[in-house]
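First the structure, in the form of structure tokens, and then the observations on it.
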Amino acid sequence: MQDVIDIVVTPLSSACGAEISGVDLTRPLSPATVEAIKDAWGKHLVLVFRGQTITQEQQLRFASYFGDLGSRKKAPEPLRGRAEGIHQDNEKVLLVTNIKVDGQAIGAFGEGEFWFHIDSGYTARPYRYTFLYALELPSAGGNTMFSNMYKAYEAVPAALKQKLRGKKALHIHEYKRSEKADISGDISGIPHYHHPVFITHPDTGRKSLFVDRLMTARIEGVYPIESDAILAELYEIGERRDFIYEHVWRLGDFLMWDNRCTTHARTDFPKNERRLLRRCTVEGEPLHE
């Protein structure tokens, strides 16, 4: 088993993110090693392992050290074409890719820019953790930006914190990447859920801003025009450049992040170049202020 003494933690930015070296993810890890990784994760929110060559089974084994593996969310039938692919054959795995075979997508969410979001934030129990491994990459772009939502919470003006205390917001997902859901009509057929605007992280006890540009649509108990203005202000705070670590992918990179205290986004990349990453998750829990 991997021995904890070999682990080196190197911070990657003042916002969040650290590189972990000295860990071979193809091997089973000792409890001490897992605890050391958890400790680094709690401090840095996003962890990066470079130069890994791992199978799907090894990726799932590693993720399982941190909780029960999450299942891929099934989109409602009218939206399924945006979220399913012909090679999505394991319910614990999502292929994030633009690759097509005979005109059919093999995975999902493959092309273009992706606004800041929280993985499965539109469900009652958003994924606790996400794990993403790079298999094929374009020549440029497709970077993943992570925002530290602890810092975002701290930056919310005191008067606005007071106004939003106890408030919940609607999170809704039409399986689009850079366009908000239309909530003007019947949304019963679109996955959605209300979460507190501010949550208390169940492990650290720290407050985090829990909204994102892609999926957060309305604050409960606030008139729509005012809600839109408040959310626009919160998005701007949550996307401040000094709160963001931007990861430039290399082949063999393996990333893991905590969805309860980060949001993430993707930059655009050439549409004629292949990109393939393999994702798995750990199931979450109900969130509370």
Side-chain angles (χ1 to χ4, degrees), residues 1-13 16-72 87-97 99 106-110 119-120 126-138 142-146 148 203 245-262 264 266 274-284:
M1 285 191 176
Q2 174 79 43
D3 193 302
V4 68
I5 199 170
D6 296 330
I7 291 181
V8 177
V9 181
T10 306
L12 293 170
S13 82
C16 59
E19 180 176 344
I20 304 295
S21 55
V23 179
D24 179 358
L25 301 185
T26 66
R27 299 168 57 189
L29 302 183
S30 69
T33 300
V34 173
E35 284 304 311
I37 293 171
K38 285 181 179 178
D39 181 65
W41 206 357
K43 293 174 182 175
H44 299 285
L45 318 188
V46 180
L47 298 184
V48 178
F49 299 76
R50 299 279 195 184
Q52 301 292 321
T53 304
I54 56 172
T55 65
Q56 179 169 289
E57 291 69 27
Q58 289 165 341
Q59 179 173 346
L60 293 173
R61 180 185 64 197
F62 176 77
S64 70
Y65 291 132
F66 304 94
D68 295 332
L69 294 176
S71 296
R72 192 173 67 253
H87 288 182
Q88 306 275 37
D89 55 4
N90 185 316
E91 68 170 8
K92 305 298 184 184
V93 173
L94 172 71
L95 298 179
V96 181
T97 182
I99 298 172
I106 68 168
F109 304 125
D119 284 341
S120 79
Y127 294 131
R128 186 183 309 169
Y129 304 128
T130 300
F131 306 80
L132 194 60
Y133 176 59
L135 292 160
E136 293 188 52
L137 296 172
N143 301 342
T144 303
M145 297 183 290
F146 296 93
N148 184 330
D203 298 332
Y245 162 62
E246 182 169 353
H247 183 73
V248 180
W249 288 89
R250 304 177 196 164
L251 285 177
D253 279 358
F254 181 89
L255 268 64
M256 52 196 284
W257 64 88
D258 189 329
N259 282 292
R260 299 164 295 180
C261 52
T262 65
H264 59 286
R266 182 177 73 202
R274 290 163 60 109
R275 187 175 188 271
L276 171 63
L277 299 99
R278 186 173 62 217
R279 191 192 82 172
C280 65
T281 58
V282 162
E283 290 288 7

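At least one side-chain heavy atom of Ile37 sits under 4.5 Å from a side-chain heavy atom of Phe62. Put simply, the side chain of Tyr127 reaches to within 4.5 Å of the side chain of Glu283, judged on heavy atoms. Using a 4.5 Å heavy-atom cutoff, the side chains of Glu19 and His44 are not in contact. Side-chain contact between Leu45 and Trp257 is absent, with no heavy atoms from C-beta onward closer than 4.5 Å. At a threshold of 4.5 Å between non-hydrogen side-chain atoms, the residues Leu255 and Leu47 do not count as touching. Two residues are said to be in side-chain contact when any heavy atoms from C-beta on lie closer than 4.5 Å; Asn148 and Thr262 fail this criterion. His264 is not listed as a side-chain neighbour of Val46, based on a closest heavy-atom distance of 4.5 Å or more. Counting heavy atoms from C-beta outward, Ile20 and Val9 have side chains that approach closer than 4.5 Å.
Remark: side-chain polar atoms of Gln52 are not paired, donor with acceptor, to backbone N or O of Leu251 under 3.5 angstrom. Between the side chain of Gln58 and the backbone N or O of Arg27, no donor-acceptor pair lies under 3.5 Å. Judged by distance alone, with hydrogens and angles left aside, the side-chain atoms of Arg72 form a donor-acceptor pair with the main-chain N or O of Val93 at under 3.5 Å. Under the 3.5 Å distance criterion, the side-chain polar atoms of Tyr245 are left unmatched by any main-chain donor or acceptor of Leu12. Proximity of a side-chain donor or acceptor of Thr130 to a complementary backbone N or O of Thr281 within less than 3.5 Å is not detected. Distance alone, capped at 3.5 Å, is enough to place a donor-acceptor pair between the Tyr65 side chain and the Leu29 backbone.
For the atom pair CG of Leu69 and SG of Cys280, the computed distance is 6.5 Å after rounding to the nearest 0.5 Å. The distance from atom CG of Asp119 to atom CG of Asp258, rounded to the nearest 0.5 Å, is 11.0 Å.
For Lys43, the NZ atom is loosely surrounded, since the number of other residues' heavy atoms within 6.0 Å does not exceed 12.
Taking the six-membered ring for Trp and thresholds of 30 and 60 degrees, Phe254 and Phe49 have ring planes more than 60 degrees apart, a perpendicular arrangement.
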Test log, rule salt bridge (Lys or Arg N to Asp or Glu O under 4.0 Å), inputs Arg260 and Asp203: CA-CA 10 Å; Arg260 299 164 295 180; Asp203 298 332; 3.0 Å; yes
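For the residue pair Gln59/Arg278, the side-chain donor-acceptor check at 3.5 Å is satisfied.
Taking a cutoff of 4.0 Å between a charged side-chain nitrogen and a carboxylate oxygen, Glu136 and Arg274 qualify as a salt bridge.
Contacts classified as salt bridge (charged side-chain N to carboxylate O under 4.0 Å, His left out) and involving residues 45-68 (residues at least two apart or in different chains) are given here: Arg50-Asp253.
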